[in-house]
Amino acid sequence: MSEKKVYTDSGIEIKQVYTRSDASQSLPTGEDSGGTFPFTRGIQPDMYRGKLWTMRQYAGFSTAEESNKRYHYLLSQGVMGLSVAFDLPTQIGYDSDHPLAEGEVGKVGVAIDSIEDMETLFKGIRLEDVSTSMTINATGFILLSLYVALAKKQGADLKKISGTIQNDILKEYAARGTHIYPPKPSMRIITDIFEWCSKEIPKWNTISISGYHIREAGSTAVQEIAFTLSNGKAYVKAALEKGLDINVFGKRLSFFFNAHNNLFEEVAKFRAARRMWAKIMRDLGATDPKAMMLRFHTQTGGSTLTAQQPLNNISRVTIQTLAAVLGGTQSLHTNGYDEALSLPTEEAARIALRTQQITAYESGITDTVDPLGGSYFVEALTNEVENKAWQLISKIDAMGGSVTAIEQGFIQEEIARSAYEYQRQIETGEKILVGVNKFQVEQEDHIPPFRIDDSIRQVQTEKLKALRNKRNPAKVDNLLQELNDKASNGDNIMPVVIEAVENYCTLGEIADTLREVFGEYK
C-alpha cells in the first residue's frame, strides 16, 4: 500500500515523521540564540520576555471624525499602536470632490484631503505618545508630510515621533494596483523619503516592504517571502545608488507579512525570511547587525476569512496569531471575524484584539525565545522554505532584479498561477475549507454588516470648498510650482511637500503636480 503524499500550499512535501537527520544542519546551538546573526530565532536576545509585540488594530473609515472615535475606543481597550486605513481616492491621489472619487469616498478607509482632516483624525491624541502605521503607498510621501506637519503643530519633538508608512510601490505593480507614477520616478520618491527621514525623523520606519498583498493576491508562502525580499533588495540598491548609508537607512526598513492557517509552514516562513534578509544585507555591505535585522509587522490572512459561518473565522485568526507570535513578529493586527462581509464592527475588532491579549498573557508561548526552535519538523521546514525562496530570488536576479521582473510580468504570472491552482483544489475538494466546500449548514448566522453612508463625499466636498476659500491662493500656486521644479530637477521633494500641506495644499493638488512631471503608469 503506497503512503499518502502530503504537501504544503508551497508544494513542499511533508514527511510522515521527522528525525534529527532531517534537521541536523540547522539545530540551534549555544551561539544561535535570539538576537544574533542570522537571527533565525528572533531579533532580540529575550524576545517577548523583554517586550511584547505591538498590538495594533487597523481602523479607518468614512470621515476623520468617525475614525478618531474608533481610535479613542481602541486605545481605551489596550491597543498599543494605531494603524490607519485610507480610502481609495486618498491612496491614488484624488481629492474627495474629484469625479473619479465618486462612490469610493470613505469606503475602504478614511478620506484625507488636507491638513484639516489630519488634525481631526488625531484629535486628542499626542503623536509623540503613539506609534502610527499608515497603509499608504503611492501617496505615502504626502501622508507622511501631513503627519509631520501635524506633529509640528502639536509642538512634538520630531526626533521622538515613531511609526511606519507602507510606501512599498513595487508590490502595487505586482499585486495590488494602487500605483500612480511609473516605477522609476516612484523609486526616486521613495529614496527621497529615506534620505529626508534619516536626518529629520530618525525613529520613523520609512518603508514597510510588504508581502501581505502578494499573499492576498494568491501567492504561496514561499513566493511571499521570495518576492518581498527581492523588492527589499531593489529598494536597498536604489538607496545605495543615491549614496545613502546602508547602516543608517537599513535600520529603518521594516517588513509586513501575512499569517495563514498552515501553522508550521508559516512559522518556518518567518524564521527563513529573517535568516535570508540578514544574508542579503550583509552581502550588500551592511556591517551593523541592526541593519541586518528583519523587523516585521504581521496581519492575519484577509483572504482566509469566509463569509460562510463567519464565527469560524475567530478560530482561524487564533491559529494565525499563534503562527505570527511563534514566528517572532514585532507587531500584529488581527482581523475581525466579520471582515469577509464588511468593515469590522466594534465588537469584532474587540474580539480580534482580545485574541492577541489572550495569546500574550494566558498561553505561555511568550515565556521563551523561539519555542518551536529545535523541532526536527520546524527546522527541516525552515530549510526547505528558504531553499525554495532562494531559487525564485536567483531567477529574479538573473532578470536584473524586481523592477525588471515586474515590468516583464514574471512576478504577476507566478502569483496568478498559484492563485489558480489554489482555487482549483478548493473546487475539486482536494483542499477542504470548513463551511465552504465541506460541513456547510442550511441556515447561516445573520451578522449585520458595518455600513458606510454615501453622504460622506458631500461632507468632504463642502470641507474642501471652505478650505480653498480661506487659504492664500498665490502662496499655494507658488508652492505647487516649486514642487514641479524640484521634481523636474531631481532635488529632494519632502521639504516642499511639507510646506505645501502646511499652507493648505490638498493631497490631490500635490499628486496632480507630480502627474504633470512624471506621467501616470498604465
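If you're wondering where the values come from, they're calculated on a predicted model, not measured in any experiment.
Annotation: side chain of Ile189 is in contact with side chain of Leu514 (closest heavy-atom distance under 4.5 Å). Looking at Lys107 and Leu88, their side chains never come closer than 4.5 Å, going by heavy atoms from C-beta outward. Taking the side chain as every heavy atom from C-beta outward, Arg176 and Gln91 approach each other to under 4.5 Å. Using a 4.5 Å cut-off on side-chain heavy atoms (C-beta onward), Val84 and Leu121 make contact. Considering only heavy atoms from C-beta on, Ser254 stays 4.5 Å or farther from His297 through its side chain. Tyr48 places none of its side-chain heavy atoms less than 4.5 Å from the side chain of Ile365. Contact of the Glu427 side chain with the Gln423 side chain is registered, since non-hydrogen atoms from C-beta on lie closer than 4.5 Å.
At least one donor-acceptor pair closer than 3.5 Å links the side chain of Asn437 to the backbone N or O of Ile426. A donor-acceptor pair under 3.5 Å is absent between the side-chain atoms of Asn231 and the main chain of Leu170, judged by distance alone. Remark: side-chain polar atoms of Asp338 are paired, donor with acceptor, to backbone N or O of Thr345 under 3.5 angstrom. Judged by distance alone, with hydrogens and angles left aside, the side-chain atoms of Thr139 form a donor-acceptor pair with the main-chain N or O of Thr90 at under 3.5 Å. Of the possible polar contacts, one joining the Asn387 side chain to the Asn383 backbone as a donor-acceptor pair under 3.5 Å is found. In this structure, Asn313 contributes its side chain and Thr306 its backbone to a donor-acceptor pair below 3.5 Å. Remark: side-chain polar atoms of Thr329 are not paired, donor with acceptor, to backbone N or O of Val325 under 3.5 angstrom. Within the 3.5 Å criterion, the main-chain N or O of Ala380 finds no donor-acceptor partner in the side chain of Asp22. Without hydrogens or angle criteria, Asp87 side chain to Gly109 main chain gives no donor-acceptor distance under 3.5 Å. In this structure, the side chain of Glu421 does not engage the main chain of Arg417 through any donor-acceptor pair within 3.5 Å.
Thr404 contributes atom OG1, which lies 9.0 Å from atom CE of Met399 (distance to the nearest 0.5 angstrom). The distance from the OG atom of Ser219 to the CD atom of Gln412 is 12.5 Å, given to the nearest 0.5 Å. Rounding to the nearest 0.5 Å gives a distance of 6.5 Å between CG of Leu507 and CG of Leu143. With rounding to the nearest 0.5 Å, the separation of CE in Met276 from NZ in Lys233 is 9.0 Å. Rounded to the nearest 0.5 Å, atoms CG (Leu381) and NZ (Lys15) are 12.0 Å apart. We find the CE-CG distance between Met55 and Leu74 to be 13.5 Å, quoted to the nearest 0.5 Å.
Aromatic ring centres of Tyr521 and Tyr181 lie farther apart than the 6.0 Å criterion allows.
Taking the six-membered ring where tryptophan is involved, the planes of Phe257 and Phe255 are essentially parallel, since the angle between them stays under 30° and well short of 60°.
Side-chain polar atoms of Ser418 and Gln223 form a donor-acceptor pair below 3.5 angstrom. When only modelled atom types and interatomic distance are considered, Arg350 and Tyr73 share a side-chain donor-acceptor pair under 3.5 Å. A donor-acceptor pair shorter than 3.5 Å cannot be found between the side chains of Ser331 and Thr54. A side-chain N or O of Gln356 and one of Thr334 form a donor-acceptor pair less than 3.5 Å apart. A donor and an acceptor atom, one from each side chain of Ser21 and Thr19, are located under 3.5 Å apart. A donor and an acceptor atom, one from each side chain of Tyr420 and Gln425, are nowhere located under 3.5 Å apart. Using a 3.5 Å distance cut-off with no hydrogens or angles, the side chains of Lys171 and Gln166 do pair a donor with an acceptor. Ser315 and Asn312 share no side-chain donor-acceptor pair at under 3.5 Å. Between Thr304 and Gln320, the side chains place a donor N or O and an acceptor N or O closer than 3.5 Å (distance only, hydrogens not considered). With hydrogens and angles left out, the side-chain atoms of Gln299 and Asn335 include a donor and acceptor closer than 3.5 Å.
Considering only residues two or more places apart in sequence or on other chains, Tyr212 meets the ring pair (Phe, Tyr, Trp, His ring centres under 6.0 Å) condition with Phe256. Legend: residues meeting salt bridge (Lys or Arg N to Asp or Glu O under 4.0 Å) with Asp9, ordered by chain and number and at least two apart, are Lys431. Every residue was checked against the ring pair (Phe, Tyr, Trp, His ring centres under 6.0 Å) condition with Tyr235, not counting sequence neighbours, and none meets it.
The two residues Ala111 and Gln460 have their closest heavy-atom pair at O-NE2, 3.8 Å. The two residues Thr164 and Trp204 have their closest heavy-atom pair at N-CZ2, 3.5 Å. Scanning all heavy atoms of the two residues, the minimum distance from Met293 to Ile43 falls at CE-O, 3.6 Å. The two residues Arg41 and Gly34 have their closest heavy-atom pair at CB-N, 4.2 Å. Among all heavy-atom pairs drawn from Gly336 and Pro344, the shortest one is CA-CB, 4.5 Å. The shortest non-hydrogen separation linking Arg457 to Ala101 is NE-C, 4.1 Å.
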**Message:** Set out, in order, the CA-CA distance, both residues' side-chain angles and the distance that settles side-chain hydrogen bond (donor to acceptor under 3.5 Å, both in side chains) for Arg295 and Gln44, then state yes or no.
**Reply:** CA-CA 10 Å; Arg295 297 168 304 121; Gln44 302 299 342; over 6 Å; no
**Asked** After noting the C-alpha distance and the side-chain angles of Phe377 and Tyr18, does the key distance pass the ring-ring contact (aromatic ring centres under 6.0 Å, His included) rule?
**Response** CA-CA 6 Å; Phe377 177 35; Tyr18 284 80; 4.9 Å; yes
**Request:** Might you work through the side chain to side chain contact (heavy atoms under 4.5 Å, CB included) test for Ile246 and Val236, ending with a clear yes or no?
**Result:** CA-CA 7 Å; Ile246 193 168; Val236 172; 3.8 Å; yes
**Request:** Report the C-alpha separation of Asn262 and His260 in whole Å, then their side-chain angles, then the decisive distance to 0.1 Å, and conclude whether the side-chain hydrogen bond (donor to acceptor under 3.5 Å, both in side chains) test is met.
**Result:** CA-CA 6 Å; Asn262 188 323; His260 275 218; over 6 Å; no
**Prompt:** Going through the checks in order, is the side-chain hydrogen bond (donor to acceptor under 3.5 Å, both in side chains) test met by Tyr173 and Ser186?
**Reply:** CA-CA 11 Å; Tyr173 305 112; Ser186 295; 2.9 Å; yes
**Message:** Between Asn258 and Glu224, is the side-chain hydrogen bond (donor to acceptor under 3.5 Å, both in side chains) condition met? List the steps.
**Reply:** CA-CA 8 Å; Asn258 211 314; Glu224 180 188 350; 5.4 Å; no
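Arg515 forms a cation-pi arrangement with Tyr94, by the criterion of a distance under 6.0 Å to the ring centre and an angle within 45° of the ring axis.
For Glu266 and Lys269, the salt-bridge test passes: some basic side-chain N is under 4.0 Å from an acidic carboxylate O.
In this structure, Glu102 places its CD atom where only 12 or fewer heavy-atom neighbours from other residues, nucleotides or ligands lie under 6.0 Å away. Dense packing is recorded around CD of Glu430, with more than 12 heavy atoms of other residues, nucleotides or ligands lying under 6.0 Å away.
A salt bridge (Lys or Arg N to Asp or Glu O under 4.0 Å) with Arg271 is found for one member of Glu386, Glu379, Glu384 and no other, namely Glu379.
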